[in-house]
Undergrad: 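The structure is given below, and queries will be raised subsequently.
Chain letters run A, B, ... following the sequence lines, proteins first and then strands; every chain starts at 1. Just so you know, these numbers come straight off a predicted model, no measurement behind them.
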Amino acid sequence: MNLREDWQFRGLVHQTTDDTVLDRLSAGGLTGYIGFDPTAPSLHLGSLMQICLLRRLQLAGNRPIALAGGGTGLIGDPSFKDAERPLLDAERLAANVEGIREQLSRFLDFSPSAGASRALLLNNADWLTTISLTDFLRDVGKHFTVNQMIAKEAVRSRLERDDVGLSFTEFSYMLLQAYDFLRLHQDHDCTLQLGGSDQWGNIVSGVELVRKVTGHSVHAITSPLLVNADGKKMGKSEGTSQRVWLDASLTSPFAMHQYLLNTDDASTPSRLRCFTFLSHDEIRELDESLVSAPQERRAQRALADAVVTFIHGEEAARAAQRAADALFSETISDLDETTLLAVVADAPSSSWSREELAHGVEATQLLVRCGLAKSLGEARRFIEQGGVYVNNRRLEPDPDVTIDLSRALHDRYLVVRRGRRELHLVVAA
RNA sequence: GGGUCGGUGCCCGAGCGGCCAAUGGGAUCUGGCUGUAAACCAGACGGCUUUGCCUACGGGGGUUCAAAUCCCUCCCGGCCCA
């Protein structure tokens with residue numbers, strides 16, 4: 001099984017500048033890079049494709065470079081964005097870059113024993129913030145015509161719209177990314193850039209720059225953008241429509257596991273291919289299970305287990321499974337205290353005074369203070385709509401109900417749930 | 001700098017002096033059916049001490065019994081001109 005066959009099976013390739021680059025990657029010994037935007041202090045599931053690509057590259061004997069966009073982040077990529085984005089300040093950006101570096105370092109092999117395929121982690125702030133403006137315009141800008149630049153699909157909608165514009169700052173972004181490729185080529189012999197299909201324009205700008213400056217031909221591979229069945233980019237969690245972060249303190253392993261477990265049937269085969277390292281046979285078998293026994297959701301389970309294991313480790317994946325089993329099977333009141341705590345370990349929790357709880361707390365108050373409702377009005381609605389559960393038992397739809405210790409498990413715990421999957425653990429101190 | 005059009009709730013977008021917490025669509029949320037999916041159906045969707053009150057229609061000021069709606073001014077954006 002070589003890389004070309006594997007990537008084709010998995011559907012990882014959308015476009016290439018030169019199809020034969022896949023054969024050279026299969027042979028190993030190439031250096032390829034992917035850039036990561038430091039728009040937040042953590043990467044999220046939307047970047048998982050890219051992370052996996054670098055890893056696949058490395059597993060096939062090539063050298064991966066993960067490039068943190070500490071410099072490009074100062075500008076902001078306008079590609080396919082429908083509005084100008086607010087600039088991040090340098091401090092926040094530096095913190096974000098640090099967070100991302102730390103995460104990337106976990107997914108690739110940076111040890112000397114990796115030899116020629118030892119991974120590299122760089123930050124483009126190192127060269128983008130030090131080059132002088134005039135040097136940049138003479139050495140980089142001179143190689144581009146505005147005519148080509150405005151023809152790019154990625155910025156076209158912004159140029160055509162009559163309600164928003166495109167600032168020169170964002171417009172310049174593609175030159176910075178092109179310069180990255182040039183530097184990586186010159187300094188690290190990098191001859192390949194990968195990215196999502198929305199990056200095609202930026203990447204080929206780099207390919208052209210390298211050719212014009214050095215005469216060398218370097219290459220681009222883009223991967224398809226994965227969207228959910230509803231057509232939106234994936235990676236936003238159900239409950240809060242927040243992103244699903246890779247940082248366990250931002251998105252618990254349990255929440256991530258749940259997110260993946262809820263992947264719709266139609267999207268599951270492509271997710272298994274892009275986000276896991278399961279064998280082709282295993283994947284085909286899981287495809288089959290989606291048809292023969294969809295209600296078992298074996299494919300979704302395999303996906304969730306594989307991804308959570310990859311990102312948070314086996315123990316976290318197992319814990320997430322256990323928690324899900326208990327929480328959705330209504331056996332929660334039978335659990336002993338230790339198991340109960342293990343099961344809800346991932347959920348947010350709060351400590352309450354025993355006297356207050358013994359006296360009884362209005363359910364609406366409880367929901368707001370647990371963060372499960374934004375206002376008393378919203379809490380009232382949830383209760384009236386029958387969307388609130390205590391210890392997995394639905395609360396009667398009366399907005400005036402009070403909760404007291406008589407409902408508590410082990411005389412201390414109240415597992416409060418809103419809707420299908422928003423949880424909070426109340427502990428009587 | 002000049003001209004012109006515009007800034008409405010999470011987003012898009014109606015409203016253009018009282019009947020407006022503001023039509024409609026999308027997103028989101030809850031429930032139902034299922035498989036903790038998808039699709040579909042129903043409901044909700046500023047806040048509160050909820051037959052009412054408060055806060056909101058870019059910011060500030062004004063006219064009026066009454067303003068998202070009129071006037072002044074400032075800020076921000078698009079387009080055209082210089």
Side-chain angles (χ1 to χ4, degrees), chain A residues 78 81-87 157-171 227-244 254-272 286-287 289-305 308 320-332 343-344 346-347 362-365 367-368 371-389 392-400 415-423:
Chain A
K81 304 282 192 319
D82 56 8
E84 186 85 6
R85 297 194 299 166
L87 291 174
S157 69
R158 284 280 284 283
L159 296 171
E160 284 170 356
R161 281 178 61 154
D162 56 1
D163 55 339
V164 286
L166 174 64
S167 71
F168 179 72
T169 302
E170 285 197 352
F171 184 54
V227 293
N228 293 328
D230 55 15
K232 292 193 314 259
K233 272 191 174 182
M234 68 160 295
K236 307 268 181 145
S237 75
E238 295 290 321
T240 54
S241 69
Q242 297 287 308
R243 289 194 175 282
V244 180
F254 173 71
M256 176 185 286
H257 195 268
Q258 285 287 297
Y259 174 80
L260 293 161
L261 193 62
N262 284 317
T263 303
D264 61 87
D265 292 0
S267 310
T268 303
S270 63
R271 301 288 189 283
L272 282 169
L286 291 168
D287 285 352
S289 77
L290 278 167
V291 178
S292 57
Q295 69 284 359
E296 287 176 16
R297 294 188 301 166
R298 275 181 48 219
Q300 281 91 338
R301 283 178 213 284
L303 173 67
D305 291 350
V308 174
Q321 291 169 30
R322 274 202 307 275
D325 287 345
L327 284 176
F328 292 103
S329 62
E330 311 237 349
T331 58
I332 196 163
V343 155
V344 296
D346 262 353
E362 282 178 42
T364 47
Q365 286 282 343
L367 284 171
V368 171
L372 291 175
K374 288 198 287 288
S375 67
L376 292 178
E378 191 178 68
R380 191 174 298 120
R381 271 202 306 278
F382 287 139
I383 295 171
E384 283 168 353
Q385 291 171 149
V388 178
Y389 309 75
N392 272 3
R393 292 186 45 199
R394 178 177 288 177
L395 226 51
E396 48 273 46
D398 169 9
D400 294 327
V415 179
V416 185
R417 192 172 102 214
R418 191 208 79 213
R420 276 288 107 150
R421 41 181 101 87
E422 287 297 308
L423 274 184

Undergrad: For A:Asp264 and B:A38, give me the distance from atom CG to atom C1', rounded to whole Å.
TA: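 Value for this atom pair: 6 Å.
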Undergrad: Using heavy atoms to find the nearest nucleotide of RNA chain B for A:Gly419 and A:Arg297 separately, return the residue whose nucleotide is more 5′.
TA: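 Upstream on the strand: A:Gly419.
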Undergrad: If the P atom of B:G24 is compared with that of B:C45, how far apart are they to the nearest Å?
TA: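 After rounding to an integer number of Å, I get 12 Å for this pair.
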Undergrad: Please state whether the base of B:G43 and the side chain of A:Gln385 form at least one donor-acceptor pair under 3.5 Å?
TA: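 A donor-acceptor contact between them is present.
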Undergrad: Measure CG/A:Leu290 against P/B:U34 and give the value in whole Å, please.
TA: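 Value for this atom pair: 20 Å.
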Undergrad: So, using side-chain contact (heavy atoms from CB on, under 4.5 Å) as the criterion, who are the partners of A:Pro399 when residues are at least two apart?
TA: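 A:Pro399: side-chain contact (heavy atoms from CB on, under 4.5 Å) contacts with A:Arg380, A:Glu384.
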Undergrad: Could you check how far CD of A:Glu422 sits from P of B:U36, rounded to whole Å?
TA: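 In whole Å, B:U36 P and A:Glu422 CD are 18 Å from each other.
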Undergrad: OP1 or OP2 of B:U30 versus the side-chain N and O atoms of A:Tyr389: is any pair under 4.0 Å?
TA: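 So the side chain of A:Tyr389 is outside the cut-off, no N or O lying under 4.0 Å from OP1 or OP2 of B:U30.
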Undergrad: Expressed as a whole number of Å, how far does the C1' atom of B:U36 sit from that of B:U30?
TA: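 One C1' to the other, the span is 15 Å.
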Undergrad: Can you tell me how far CD1 of A:Ile383 sits from CD of A:Glu396, rounded to the nearest 0.5 angstrom?
TA: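 The CD atom of A:Glu396 sits 9.5 Å away from the CD1 atom of A:Ile383.
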Undergrad: At under 4.0 Å between heavy atoms, what does A:Glu296 touch on the DNA or RNA strands: base, sugar-phosphate, or nothing?
TA: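 Nothing, no heavy atom under 4.0 Å.
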Undergrad: Distance check, P atoms only: B:A44 and B:U23, in whole angstrom units.
TA: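 Those two atoms are separated by 13 Å.
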Undergrad: For the OG1 atom of A:Thr268 and the CG atom of A:Leu290, what is their distance to the nearest 0.5 Å?
TA: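 Atom-to-atom, A:Thr268:OG1 and A:Leu290:CG are 5.5 Å apart.
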Undergrad: Tell me: CG of A:Asn262 to P of B:U36, nearest whole Å?
TA: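 These atoms are roughly 10 Å apart.
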Undergrad: Consider only side-chain N and O atoms of A:Gln300 and A:Asp265, and report whether a donor and an acceptor are under 3.5 Å apart.
TA: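 Result is yes, a qualifying pair exists.
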Undergrad: Can you check the A:Gln300 CD to B:G35 C1' distance for me, whole Å?
TA: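 Taking CD of A:Gln300 and C1' of B:G35, I get 9 Å after rounding.
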Undergrad: How long is the gap from CZ on A:Arg381 to OG1 on A:Thr364, to the nearest 0.5 Å?
TA: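 Here the interatomic distance stands at 12.5 Å.
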Undergrad: Starting from P on B:U34, measure out to CG on A:Asp265 and report it in whole angstrom.
TA: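 Value for this atom pair: 16 Å.
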Undergrad: Looking only at atom P, what distance separates B:G78 and B:U69, rounded to whole Å?
TA: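 The answer is 24 Å between these two P atoms.
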Undergrad: Could you tell me how far apart A:Arg417 (CZ) and B:G31 (C1') are, to the nearest whole angstrom?
TA: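 Distance, rounded to whole Å: 13 Å.
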Undergrad: For atom P, what is the distance between B:C71 and B:U64, given to the nearest Å?
TA: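 Result for the P pair: 16 Å, nearest Å.
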Undergrad: Between the side chain of A:Arg418 and the main-chain N/O of A:Ala373, is any donor-acceptor distance below 3.5 Å?
TA: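 Absent.
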Undergrad: Starting at the 5' end of RNA chain B, what dot-bracket string do you get if Watson-Crick and G-U pairs under 3.5 Å are bracketed, crossing pairs use [ ], other-strand pairs use | and unpaired bases use dots?
TA: ((((((((.[[[..)..(.....]]].(((((.......))))).(((...)))...[[[[[..)....]]]]]))))))).
Undergrad: Please report the interatomic distance CG(A:Leu367) to CG(A:Leu376), rounded to the nearest 0.5 Å.
TA: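 A:Leu367 atom CG to A:Leu376 atom CG measures 9.5 Å (nearest 0.5 Å).
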Undergrad: Distance check, C1' atoms only: B:C65 and B:C70, in whole angstrom units.
TA: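 Going atom to atom, C1' in each nucleotide, I get 16 Å.
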Undergrad: Quick check: on RNA chain B, is the nucleotide nearest A:Arg394 upstream (toward 5') of the one nearest A:Gln365, or the reverse? Name the residue that is more 5'.
TA: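 First, find each residue's nearest nucleotide; the 5'-ward one identifies A:Arg394.
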Undergrad: Under 4.0 Å: is that the gap between some side-chain N or O of A:Arg418 and OP1 or OP2 of B:U30?
TA: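 A:Arg418 to B:U30 OP1/OP2: side-chain N or O found under 4.0 Å.
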Undergrad: Apply side-chain hydrogen bond (donor to acceptor under 3.5 Å, both in side chains) to A:Gln321 and list each qualifying residue two or more places apart in sequence or on a separate chain.
TA: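 Here the qualifying residues are A:Asp305.
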Undergrad: Please state the C1' separation for the pair B:A66 and B:C19 - nearest whole angstrom.
TA: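 Nearest-Å result for B:A66 against B:C19 at atom C1': 13 Å.
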Undergrad: What residues from residues 373-381 of chain A pass a heavy-atom cutoff of under 4.0 Å to RNA chain B?
TA: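 Those residues are A:Ser375, A:Leu376, A:Gly377, A:Arg380, A:Arg381.
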Undergrad: Restricting to side-chain hydrogen bond (donor to acceptor under 3.5 Å, both in side chains), what partner residues turn up for A:Arg322, sequence neighbours left out?
TA: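 Checked A:Arg322 against side-chain hydrogen bond (donor to acceptor under 3.5 Å, both in side chains); zero matches.
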Undergrad: From CD of A:Gln295 over to C1' of B:A38, roughly how many Å is that when rounded to an integer?
TA: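 Taking atom C1' of B:A38 as the reference, CD of A:Gln295 is at 15 Å.
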Undergrad: How far, in whole Å, is B:U73 from B:U63 if one measures between their C1' atoms?
TA: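 It comes out at 15 Å once rounded to the nearest Å.
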Undergrad: Output yes when a side-chain donor or acceptor of A:Arg301 lies under 3.5 Å from a complementary backbone atom of A:Glu296, and no otherwise.
TA: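 It does hold such a pair.
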Undergrad: Could you work out, with side-chain hydrogen bond (donor to acceptor under 3.5 Å, both in side chains) as the rule, every residue matching A:Ser167, not counting sequence neighbours?
TA: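 Testing A:Ser167 for side-chain hydrogen bond (donor to acceptor under 3.5 Å, both in side chains), a comparison that skips the adjacent residues, returns A:Glu84.
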